[in-house]
J.: 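Quick one: this structure, given as structure tokens, is what I'll be asking you about.
Basis for what follows: all heavy atoms, side chains included, without hydrogens, waters or symmetry-related copies. We name chains A, B, ... by the order of the sequence lines, and we start the count at 1 in each one.
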Amino acid sequence: MRNFNLPALMGGAGLRHEHFDSIINEKPNFRWFEIISEDFMGYGGAVAEALHEIRQHYPIIAHGVCLSIGSTDPLDTEYLKKLRLFLDQIKSPWTSDHLCFTMVDHTNLNDLIPLPFTEEAVQNVVSRIKIVQEMLERPFLVENVTRYITVSDREMSESEFISRIVNEANCGLLLDVTNVYLNSCFHKYDALEFIRSLPLERVGQMHLAGWEPDSRGTVIDSHDAPVPSEVWNLFKSTIQLTGPTSVLIEWDKSLPSVERLLQETIMADTVITEMTQTVEKAA
Amino acid sequence: MALPAVLTAMRQIILDLEELPASPEARLKLYRKRFPDLSPHELEDLSKIENNGFKTYTTSIFQGEKGVIFNHFPVTLNILQSHWENVRGTPFKPFELARQLHRRYPWKSYTTEALLQNFVSFVQTDLKNIEALAPGISEMARFEYLIFEIKRAPDDNLGDVLTVEQLNALTVEQALALKLFIRANVRFDEFRYDVLGARRSYLRQKSTITALSPLHCLLIGGRNGAHLVEWVVAEPHIYRFIKENPRSHPLNLEDLAACVVEHSVKSAQEETFVEFLSVVVELMRCGLIALKQ
């Protein structure tokens, strides 16, 4: 298995409201777009119309932020039904969400809170992913999150945690290369070794993003800057391990122009092509 | 093993505990008392986490919620800010507002609607001292929430509907035979203050608003053809017609006609029909109703 048996769409971009008009009117050469499911599902009006129009010309992959797959609250089946309807409407061939929790005790934490790397958390997440996959009836990927804390690595490491989950749930991995890089800085480990330790055949998509430190110089996974060279370098090494995939440029704030965003996706394409050729030549 | 207890503890640390002790030992003591369901290992693991780590999440969460609220309640917040320090004795801090909102009305859903509804409730119940200085602020919060609902409401997919030009080309008999649909995104409410005027003025001039003018009005809002929110200041009988009838359900245009005729002050039939037609056109133009054959 490679790329979790998904099509490798190459470089894509996050679809933002501010770019709707340019994309609809000028049809720039993006290969695909990713949307945040909860920003669109169940809504009508201008947003729905724009999405419908863009979908006529570009593949769209839905990525969620509210599934809270790691929570111990009951799975929100009403949310999953709405999501399933939405995914069918936009013909998203796969979908994804984050390996974290965002709600517990029916209270929204409105952020991607990391889980303890424990057996209990593995089993909880695995059982929930299986239900999600049954309800959504399409490939499902979990994304590794940036974590500013280590809740517990007493029982296992993060890479073992992720590997166990995707293998036992038989789901895919959305490998956020930026998140791996940031976590390697925060928690002092080798990013590429971390990536090598994952079941890379299950990587069906990647994310790349940049960041600007906040006013106190704190590094936050802010998605408000171009992808920095350190992450491009890690991405190059990663592609040599995985082969071609679909890679999303996440640039959600301090938005660039459509042209600038397109350039970033073309850079991703170039890296994939060059690194794939390098591997083929070496073989 | 107590994963639910660990996640609950993390929730409380991130959202509810404003000050954490500086040392791991002091945190352990606090957590042991506060989270009796955690095992010794779980307590130790959580207490090892430096405060900056949890604080990063706290900051991100409440900044995010503050951003959503400011985005959807610009005029309400403008009024609030202009009175806050006088009434509360402390400077207005948006982050603290989000935190206070969480304390009073925790966000219990993944939906944006739930957060916004919480804010409306918060303004109504917890800011009475500000309302005393700025009467109508809770109405403004309600009004701005309706704007969100109108913008986001699902489409009703009625298919081909008549344009105003097509309506004008019909005979009276043909027109009165039409079916009328109140659009799915229509919202309405009764206000005692000029919320519509104040919001329009604020969006044009971005000036500080300290008070709303008293004005009793019945407002009906919808999405026009360009998906923009439009409002009609309705006569009571039109408001009642909209309020008492279901959305997206075929009604008879002649029922609306009867309603208009009943309340018309025009004496001539032709004048009454012109008045009726102008009501229909205004409701169509603002996206409140659609007509089909």
J.: Less than 4.5 Å to any heavy atom of chain A: does that hold for the side chain of B/Lys151, its backbone, both, or neither?
T.: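 When you check distances to chain A, only backbone atoms of B/Lys151 fall under 4.5 Å.
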J.: To the nearest 0.5 Å, what is the distance between CG on A/Asn124 and CG on B/Leu7?
T.: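 Between A/Asn124 CG and B/Leu7 CG, I get 8.0 Å after rounding to 0.5 Å.
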J.: May I ask you to name which of A/Met103, A/Arg154, A/His106 has the most heavy-atom pairs under 4.5 Å with chain B?
T.: A/Arg154
J.: With a 4.5 angstrom heavy-atom cut-off, could you sort out which part of A/Val47 is near chain B: side chain, backbone, both or neither?
T.: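 For A/Val47, there is no contact with chain B at all, as no heavy atom is under 4.5 Å.
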J.: So which residue, B/Pro154, B/Gly64, B/Pro106, B/Gly53, ends up with the most heavy-atom pairs under 4.5 Å with chain A?
T.: B/Pro154
J.: Between B/Thr8 and chain A, which part of the residue has a heavy atom less than 4.5 Å away: side chain, backbone, both or neither?
T.: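 Both parts, heavy atoms under 4.5 Å.
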J.: If I measure from the heavy atoms of chain B, does A/Asp76 come under 4.5 Å with its side chain, its backbone, both, or neither?
T.: side chain
J.: Check for a donor-acceptor pair, side chain of B/Asp155 on one end and backbone N or O of A/Gly45 on the other, with a separation under 3.5 Å.
T.: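 Checking the backbone N and O of A/Gly45 against the side chain of B/Asp155, a donor-acceptor pair under 3.5 Å is found.
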J.: Is the NZ atom of B/Lys292 crowded by more than 12 outside heavy atoms at less than 6.0 Å?
T.: yes
J.: Name the option with the most non-hydrogen atom pairs under 4.5 Å to chain A; the candidates are B/Ile61, B/Ile14, B/Ile49, B/Thr111.
T.: B/Ile61
J.: Does B/His41, at its NE2 atom, have more than 12 non-hydrogen atoms belonging to other residues, nucleotides or ligands within less than 6.0 Å?
T.: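 Counting neighbours around NE2 of B/His41, 12 or fewer heavy atoms of other residues, nucleotides or ligands fall under 6.0 Å, so no.
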J.: Answer yes or no: is there a side-chain heavy-atom contact under 4.5 Å between B/Leu3 and A/Pro116?
T.: yes
J.: Answer with side chain, backbone, both or neither: which region of B/Phe62 has an atom nearer than 4.5 Å to a non-hydrogen atom of chain A?
T.: neither
J.: Could you grab the distance from atom NE2 of B/His102 to atom CG of A/Asn110, nearest 0.5 Å is fine?
T.: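 B/His102 NE2 to A/Asn110 CG: 11.5 Å, rounded to 0.5 Å.
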J.: On a heavy-atom basis, which atom in B/Asp45 and which in A/Ser152 lie closest, and how many Å separate them?
T.: OD2-OG, 2.8 Å
J.: Got more than 12 heavy atoms from elsewhere within 6.0 Å of CG, B/Asp160?
T.: no
J.: Measuring only between side-chain heavy atoms, which start at C-beta, is B/Tyr110 closer than 4.5 Å to A/Thr102?
T.: no
J.: Is the NZ atom of B/Lys93 crowded by more than 12 outside heavy atoms at less than 6.0 Å?
T.: no
J.: Do B/Lys48 side-chain atoms and A/Thr150 backbone N/O form a donor-acceptor pair below 3.5 Å?
T.: no
J.: With a sphere of 6.0 Å drawn around NZ of A/Lys91, does it hold more than 12 non-hydrogen atoms of other residues, nucleotides or ligands?
T.: no
J.: Compare all side-chain heavy atoms of A/Thr107 with those of B/Leu15 and state whether any distance is below 4.5 angstrom.
T.: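 Side-chain contact under 4.5 Å: yes.
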J.: Using a 4.5 angstrom heavy-atom cutoff, name the option from A/Val65, A/Leu115, A/Asp111 with the most pairs to chain B.
T.: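 It is A/Asp111.
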J.: Measuring from atom CZ of B/Arg152 to atom CZ of A/Phe40, what distance do you get when rounded to the nearest 0.5 angstrom?
T.: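 Output value for this atom pair is 9.0 Å.
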J.: Identify the two heavy atoms, one from B/Ala2 and one from A/Glu120, that lie closest to each other, and give their separation to 0.1 Å.
T.: N-OE1, 3.3 Å
J.: Counting only non-hydrogen atoms closer than 4.5 Å, does B/Glu113 touch chain A with its backbone (N, CA, C, O), its side chain (CB onward), both, or neither?
T.: side chain
J.: How about A/Pro114 and B/Tyr57: do any of their side-chain heavy atoms sit closer than 4.5 Å?
T.: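 Counting from C-beta outward, A/Pro114 and B/Tyr57 do come under 4.5 Å.
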J.: Rounded to the nearest 0.5 Å, what's the gap from OG on B/Ser60 to CG on A/Leu112? Could you check?
T.: 8.0 Å
J.: What part of A/Ala48 gets closer than 4.5 Å to chain B, counting heavy atoms only: side chain, backbone, both or neither?
T.: side chain
J.: Looking at B/Lys179, I want to see if its NZ is surrounded by more than 12 non-hydrogen atoms of other residues, nucleotides or ligands under 6.0 Å.
T.: yes
J.: Do the side chains of A/Phe101 and B/Met10 get nearer than 4.5 Å, heavy atoms only?
T.: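 In contact.
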J.: Does A/His57, at its NE2 atom, have more than 12 non-hydrogen atoms belonging to other residues, nucleotides or ligands within less than 6.0 Å?
T.: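 Yes, because the 6.0 Å sphere around NE2 of A/His57 holds more than 12 heavy atoms from other groups.
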J.: How far does OG1 of B/Thr56 sit from CZ of A/Phe186, to the nearest 0.5 angstrom?
T.: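 The distance works out to 8.0 Å.
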